[in-house]
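Heavy-atom basis, side chains included; hydrogens, waters and symmetry copies ignored. Numbered from 1 within each chain, the chains take letters A, B, ... in sequence-line order.
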2 protein chains.
Amino acid sequence: MNSNSIKVACSNCNLRELCMPLGLSPIELERIDDVVANRRKIKRGATLFRNGEKFTSLYAIRTGFFKTCVASEDGRDQVTGFQMAGEIVGLDGIVHDHHTCDAIALEDAEVCVMPFDRIEELSREVNALQRHVHKIMSREIVRENGVMLLLGSMRAEERLAAFLLNLVQRLHARGFSQSELILRMTREEIGSYLGLKLETVSRTFSKFVEDGIVEVKQRHVRILNADKLKDIVNPKVCN
Amino acid sequence: MNSNSIKVACSNCNLRELCMPLGLSPIELERIDDVVANRRKIKRGATLFRNGEKFTSLYAIRTGFFKTCVASEDGRDQVTGFQMAGEIVGLDGIVHDHHTCDAIALEDAEVCVMPFDRIEELSREVNALQRHVHKIMSREIVRENGVMLLLGSMRAEERLAAFLLNLVQRLHARGFSQSELILRMTREEIGSYLGLKLETVSRTFSKFVEDGIVEVKQRHVRILNADKLKDIVNPKVCN
DNA sequence: CGGCAATTTGACCACATTCAAATTGCGTGG
DNA sequence: CCACGCAATTTGAATGTGGTCAAATTGCCG
């Protein structure tokens, strides 16, 4: 076996509830263990897959943090998402049997490799898995709808506030703090995701600090006033 | 039977290749006919489904033109897509069993109603259908990635050029002209989709007309110089 | 013909970008 | 351990793109 891939099991994975359906029988779980063939380690800065590469598998993130980006022909690129433990990447590859974006590790990471033909095979027999796959794809569609709303109609402060709230909410669901987080990405990457320049991201952080909404030390962010952040995202109209 | 719903068959639908998998056996086709329970007519301006409504079915558009929009709590809304004959809407509803956006007919329309539990059932048995469902969802994810690139990194002219090229390409695939199209949506709806104000859309159209790239008479658009449009979307760097 | 919605156009303004420079933090090697 | 070099970040000043507000025009439908 490749030193880069390790045999594993979902049945005792502590991320199970994040990336697998609930309420499976022991025998179904065992069969899914079989689909999740192995793990793969990705060093910080390395790609899990790249635009144009053949699509074979979905990947469940075990540890680490990823970004996905698409590029236009003339070199511009756009971060389309940041993914953390328990989330699935690779869905973009299904439609054309080739990936249409890059997935890059923002820190040393480990993923479970799930060959897609095996997923399809098993999801014909395990209804809960079929349903789960559909939900994962639908969730991604809904997430992207939200990003379109953000990019299409929000101003810089609103975008950054929404970004921070989303990030901290997902981290909290994984047992981390509700009010403190470490950004795994640069200001430029945040800017690309939010449709802003890195300077604008920096300035907006500074503005939030001035206003006492957050504390920022480099990549370390502490949210001092979550209500105010929420209010920036969703300005309340006075009655 | 409701006067609003009509019994139908995919097996003789001329849009089959657009919304159904290819290469099905007659018997498989017949079974799919059975999933596509009935049709529904939607008047211009009426909603096919609305944010918050229970999700039951996907809809294949037979005739007419739709927009989908999401709204933020404070009333802003964002058009997330325009859909035409042969395209599928409703995928957003799968993840939470409720729709998270509105689908509104931009002209009198007719859709095939495909109850999702029936789709799941049948796609366990007909591999081509299973694969097809996965591809449709993946295609939507990839489309939205492209919109994110547009909203995140393009300027007004680039956005509108990309929009027109995309629209005319999809229409062409349905047998319409490569160079002429009728916009089914208002300037405001285009603007919402592209993250621009309606005045900016109008101004940008005017600019394209000045530059001899298109002719515009209200909603009727004729593309005079597609290469120039492509060049606006993807500026070539001089060597 | 009249009324209304959609579109166009102009003038002014705001927000984010660009360009530039200074500062900070971090890893590496002396 | 400190010095150095590089990348990331912050901040400032000037600019530009698209937004806002307002008014005029067009087209459509009753």
Engineer: Do A/His99 and A/Asp92 come close enough that some side-chain heavy atom pair is under 4.5 Å?
Structural biologist: yes

Engineer: Can you tell me which nucleotide in C/dT7, D/dT9, C/dA16 comes closest to the side chain of B/Thr186?
Structural biologist: C/dT7

Engineer: When the distance from NZ of A/Lys207 to P of D/dT11 is rounded to whole Å, what number comes out?
Structural biologist: 14 Å

Engineer: Nearest whole Å is fine: how far is D/dG18 C1' from B/Glu158 CD?
Structural biologist: 14 Å

Engineer: Could you list all N or O pairs between the protein and nucleotides 8-10 of chain C that sit under 3.5 Å apart?
Structural biologist:
{"unit_1": "C/dT8", "atom_1": "OP1", "unit_2": "B/Arg187", "atom_2": "NH2", "d": "3.3"}
{"unit_1": "C/dT8", "atom_1": "OP2", "unit_2": "B/Arg187", "atom_2": "NE", "d": "2.9"}
{"unit_1": "C/dT8", "atom_1": "OP2", "unit_2": "B/Ser202", "atom_2": "OG", "d": "2.8"}
{"unit_1": "C/dT8", "atom_1": "O5'", "unit_2": "B/Ser202", "atom_2": "OG", "d": "3.1"}
{"unit_1": "C/dT9", "atom_1": "OP2", "unit_2": "B/Ser206", "atom_2": "OG", "d": "2.6"}
{"unit_1": "C/dG10", "atom_1": "N7", "unit_2": "B/Arg203", "atom_2": "NH1", "d": "2.9"}
{"unit_1": "C/dG10", "atom_1": "O6", "unit_2": "B/Arg203", "atom_2": "NH2", "d": "3.2"}

Engineer: What is the separation between atom CG on A/Leu196 and atom C1' on C/dT17, rounded to the nearest whole Å?
Structural biologist: 10 Å

Engineer: Are any non-hydrogen side-chain atoms of B/Leu160 and B/Leu194 less than 4.5 angstrom apart?
Structural biologist: yes

Engineer: Could you tell me whether the side chain of B/Met185 reaches within less than 4.5 Å of the side chain of B/Val79, counting heavy atoms only?
Structural biologist: no

Engineer: Using residues 140-154 of chain B as the side-chain source, report each donor-acceptor pair under 3.5 Å to any protein atom, sequence neighbours left out, with the distance given to one decimal.
Structural biologist:
{"unit_1": "B/Glu140", "atom_1": "OE1", "unit_2": "B/Arg143", "atom_2": "NE", "d": "3.1"}
{"unit_1": "B/Glu140", "atom_1": "OE2", "unit_2": "B/Arg143", "atom_2": "NH2", "d": "2.9"}
{"unit_1": "B/Arg143", "atom_1": "NH1", "unit_2": "B/Thr80", "atom_2": "O", "d": "3.3"}
{"unit_1": "B/Arg143", "atom_1": "NH1", "unit_2": "B/Tyr193", "atom_2": "OH", "d": "3.3"}
{"unit_1": "B/Arg143", "atom_1": "NH2", "unit_2": "B/Thr80", "atom_2": "O", "d": "2.9"}
{"unit_1": "B/Glu144", "atom_1": "OE1", "unit_2": "A/Asn145", "atom_2": "N", "d": "3.4"}
{"unit_1": "B/Ser153", "atom_1": "OG", "unit_2": "B/Leu149", "atom_2": "O", "d": "2.9"}

Engineer: For C/dG25, does either OP1 or OP2 sit under 4.0 Å from a side-chain N or O belonging to A/Arg219?
Structural biologist: no

Engineer: Find which nucleotide of DNA chain C each of A/Met154 and B/Glu188 is nearest to by heavy atoms, and output the residue with the more 5' nucleotide.
Structural biologist: B/Glu188

Engineer: Considering only NZ, NE, NH1 and NH2 on the basic side and carboxylate oxygens on the acidic side, decide whether B/Lys230 and A/Glu73 come within less than 4.0 Å.
Structural biologist: no

Engineer: About how many Å separate CD of A/Glu107 and CD1 of A/Ile42, when rounded to the nearest 0.5 Å?
Structural biologist: 11.5 Å

Engineer: With heavy-atom distances below 4.5 Å as the criterion, would you say the side chains of A/Tyr59 and A/Ile88 are in contact?
Structural biologist: no

Engineer: B/Phe116: which residues meet the ring-ring contact (aromatic ring centres under 6.0 Å, His included) condition with it, sequence neighbours left out?
Structural biologist: A/His134, B/Phe55

Engineer: Run the side-chain contact (heavy atoms from CB on, under 4.5 Å) test against A/Leu171 and tell me which residues pass, sequence neighbours left out.
Structural biologist: A/Met84, A/Phe176, A/Leu181

Engineer: So which of residues 146-153 of chain B are in contact with DNA chain C, with a heavy-atom cut-off of under 4.0 Å?
Structural biologist: none

Engineer: Using a 4.0 Å heavy-atom cut-off across all strands, classify A/Gly195 as base, sugar-phosphate, or nothing.
Structural biologist: sugar-phosphate

Engineer: So, do B/Val214 and B/Val209 sit near enough that their side-chain heavy atoms are less than 4.5 Å apart?
Structural biologist: yes

Engineer: Whole Å only: how far is the CD atom of A/Glu189 from the P atom of D/dA7?
Structural biologist: 15 Å

Engineer: Would you mind reading off the distance between A/His220 atom NE2 and C/dG25 atom P, rounded to a whole angstrom?
Structural biologist: 14 Å

Engineer: Taking the side chain as every heavy atom from C-beta outward, state whether A/Ser177 and A/Arg222 have any atom pair closer than 4.5 Å.
Structural biologist: no

Engineer: Please report the end-to-end axis angle for the helix from C/dC1-D/dG30 to C/dG30-D/dC1, five pairs per end, rounded to 10 degrees.
Structural biologist: 40°

Engineer: In whole Å, I'd like the distance from the NZ atom of B/Lys197 to the C1' atom of C/dA6.
Structural biologist: 16 Å

